[in-house]
Structure formats: C-alpha cells, structure tokens
Amino acid sequence: MDLKKFKLIGINYFKNNTVEVARNLLDCYLITDKKGVICGGRIVETEAYLGFEDKASHASVGPTRRNSVMFGPAGYGYVYLIYGLHCCFNIVCEKKDVPGAVLIRAIEPEIGVDIMKKRRGKEKSLDLTSGPAKLTQALGITLKDNGKLLQQNGVLIMKRNNSRPRALCSGSRIGITKSIELNYRFYIKDSEFVS
DNA sequence: TTTCCGATTGGCT
DNA sequence: GCCAATCGGAAAC
C-alpha cells in the first residue's frame, strides 16, 4: 500500500487541549500497519474525555490501574475493554499528569477494505468501522496497544493532501449517563458512518 | 471477596 | 425497539 498521498502527524500534535484535538482529528486518517498489513480510513467521529470535572471520563475518579495511561504523556494509546467484549481506542492528550484522551468512534473505510472485511467477518462497508469497537476490530487494534506510543506500534495518524473540507458538528456524547451536558462529541455531518 | 455495572454490538421480537 | 453476552475495574461490605 502506497501512503505517499498522506503526511504523518507527529506526537506533538497531541500535547494540546483534548477538546481541540478531538475536533482537529476529524478528517485525519487513522491507519494501522500490523506486520505489514495496512488498513484504515478517514476519521469522521470523535469524543473528548477529560479529568475530574468530567464525570463520564474514566479519569474522573483519579489515577487507577486501568486509566493510568490517561495521566501519562500525550501520543500514547489508551485501549480498554468494554462490556467484557469489545475494545475502544483513544489517543492520550495534554501534558503528563493532566488526564485527557480522544475516543475514535468512527472512520470511513478506505485502505485495505478486504482485510477489514475479513477481520470483521462482514461484507457490507457500513458494518466495518461505524462504531468504536467495530473499528478496533477492523484495524487489528487490541488491548496490547494500551500504553503504547503511536507509530511505534504501527498505529498512525495521517493527513491527506488536498482533502476537501466537510461540515463539522458537535453534541452530547453517546452511551454515557453522566456529564451529558458537555458537548464533547464531534462528527462530520454528512458521513454515513457516524454512529 | 462480593457486588454492581459499563465510552457496545448484534441478534431477535 | 429490546435485550443478552461477558469480564474486569472500582467500590461496597
């Protein structure tokens, strides 16, 4: 797979305000290279999770074994198991000791689509990456990626050259019961893959 | 150590 | 639209 059309986004990009990073990640590409097997697509839905004041965030209870990565330096993957079944993938933001992470909720499958179909056991494009646990399965992201620095584990964030601007929206986050008043969900309005 | 429950998904009514 | 699957983190006891 030829990634010449793409430019790698460096780790410094994430040493920033989490909400801002969540918004800026829309329209970037999430691409995995697992043992030379490359797949990915355009990010169309993200959510920001902060610290103590954000009661929906795992970090709201202070540092624990599970969430410790969120308190570490930016650019690391925070991957956790949800409902005992599924993995969700986040990118840690902010400086060390300031908790914050961006959950990637949906991408538009574009690169290595056949690989993703195989990993998912689904044929329809809409079933591949239209949800946080679907896309981790499609991209081969697992709990082993928790606490790993991006790029070093073959998880890449890239920007496509000359990509057309699309309308962005924000709103309340999905699947949570606390801090629902915070509009930390960001998505591309016209994408079919938004959950 | 016991209990409760979740940043979801997919199958069935 | 409803609900089971399935398990480990966090808090209660």
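What you see below is based on every heavy atom in this structure, not just the backbone, and it leaves out hydrogens, waters and symmetry mates. What you see is a predicted model; the values in this text were computed from it and never measured. Here is how names work: the chains are called A, B, and so on, in the same order as the sequence lines, proteins then strands, and each is numbered from 1.
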> Any idea which of B:dA7, C:dG9, B:dT9 is nearest the A:K134 side chain?
Replying inline: B:dT9
> Are OP1 or OP2 of B:dA7 and a side-chain N or O of A:H58 less than 4.0 angstrom apart?
Replying inline: yes
>> Do A:N90 and A:I104 make a side-chain contact, defined as non-hydrogen atoms from C-beta onward lying under 4.5 Å apart?
In response: no
> How is A:R173 classified with respect to the nucleic acid when contacts are heavy atoms under 4.0 Å: base, sugar-phosphate, or nothing?
Replying inline: nothing
>> How many whole angstroms separate atom CG of A:L182 from atom C1' of B:dA7?
In response: 14 Å
> Got a minute to check which stems DNA chain C is part of, using Watson-Crick or G-U wobble pairs under 3.5 Å, three or more consecutive?
Replying inline: B:1-6 with C:7-12, B:8-12 with C:1-5
>> For a quick test of reading the model, state the closest non-hydrogen atom pair linking A:A48 to A:D54 and the distance between them.
In response: O-OD2, 4.2 Å
> What integer distance in Å separates A:Q137:CD from B:dG10:C1'?
Replying inline: 11 Å
Side-chain polar contacts of residues 8-15 of chain A - donor-acceptor pairs under 3.5 angstrom, sequence neighbours left out - could you list them?
from	atom 1	to	atom 2	distance (Å)
A:N12	OD1	A:K15	NZ	2.9
A:Y13	OH	A:N24	O	3.2

> Just checking, A:R173 and A:Y49: is the charged tip under 6.0 Å from the six-membered ring centre and within 45° of the axis?
Replying inline: yes
>> Tell me whether A:Y49 and B:dA7 count as stacked here, given that the ring centres must be under 5.5 Å apart and the planes must differ by less than 30 degrees.
In response: yes
> Between A:Y80 and A:D127, which is nearer to the 5' end of DNA chain B once each is assigned its nearest nucleotide?
Replying inline: A:Y80
> Under 4.0 angstrom, heavy atoms only, what part of the nucleic acid is A:L85 near: base, sugar-phosphate, or nothing?
Replying inline: base
> Looking at A:V102, A:I174, A:L182, which one forms a side chain to side chain contact (heavy atoms under 4.5 Å, CB included) with A:E47?
Replying inline: A:I174
> If you check every side-chain atom of A:K122, which of B:dA7, B:dT8, B:dG10 has the closest atom?
Replying inline: B:dG10
> Between B:dA7, C:dA10, C:dC7, which nucleotide gets closest to the side-chain atoms of A:N90?
Replying inline: B:dA7
> Quick one: A:K124 NZ to B:dG11 P, roughly how many Å, whole number?
Replying inline: 11 Å
> If you check the A:I82 side chain, which of C:dG9, B:dT9, B:dA7 turns out closest?
Replying inline: B:dA7
> Closest heavy-atom contact between A:I176 and A:A56?
Replying inline: CD1-CB, 3.7 Å
> How far, in whole Å, is B:dT2 from C:dT6 if one measures between their P atoms?
Replying inline: 22 Å
>> In whole Å, I'd like the distance from the NZ atom of A:K55 to the P atom of B:dC5.
In response: 18 Å
> For A:L143 and B:dA7, what is the distance between atoms CG and P respectively, to the nearest whole Å?
Replying inline: 15 Å
>> Checking contacts here: which listed nucleotide (B:dT8, B:dA7, C:dA10) is nearest the side-chain heavy atoms of A:A133?
In response: B:dT8
> How many Å lie between NE2 on A:H86 and P on B:dT8, as a whole number?
Replying inline: 9 Å
> Which part of the nucleic acid, if any, lies within reach of A:R185 when heavy atoms closer than 4.0 Å are counted: base, sugar-phosphate only, or nothing?
Replying inline: nothing
>> For a quick test of reading the model: is some side-chain N or O of A:R120 closer than 4.0 Å to OP1 or OP2 of B:dT9?
In response: no
>> Over all strands shown, is A:A56 touching base, sugar-phosphate only, or nothing at heavy-atom distances under 4.0 angstrom?
In response: base
> Does A:T129 use its side chain to pair, donor to acceptor, with the backbone of A:I107 at less than 3.5 Å?
Replying inline: yes
>> Between C:dA11 and B:dA7, how far apart are the two P atoms, rounded to whole Å?
In response: 13 Å
> Does the side chain of A:R66 get closer than 4.0 angstrom to OP1 or OP2 of C:dA11 through an N or O atom?
Replying inline: no
> If you look only at pairs with a residue in residues 183-195 of chain A, which of them pass as a salt bridge (charged side-chain N to carboxylate O under 4.0 Å, His left out), with sequence neighbours excluded?
Replying inline: A:E45-A:R185, A:R166-A:D190
> Rounded to whole angstrom units, what separation is found between the CZ atom of A:F89 and the C1' atom of B:dT8?
Replying inline: 18 Å
>> In this structure, how many angstroms lie between the P atom of B:dT8 and the CG atom of A:L103, rounded?
In response: 8 Å
> Only one of A:L139, A:T142, A:V155 clears side chain to side chain contact (heavy atoms under 4.5 Å, CB included) with A:F89; which?
Replying inline: A:V155
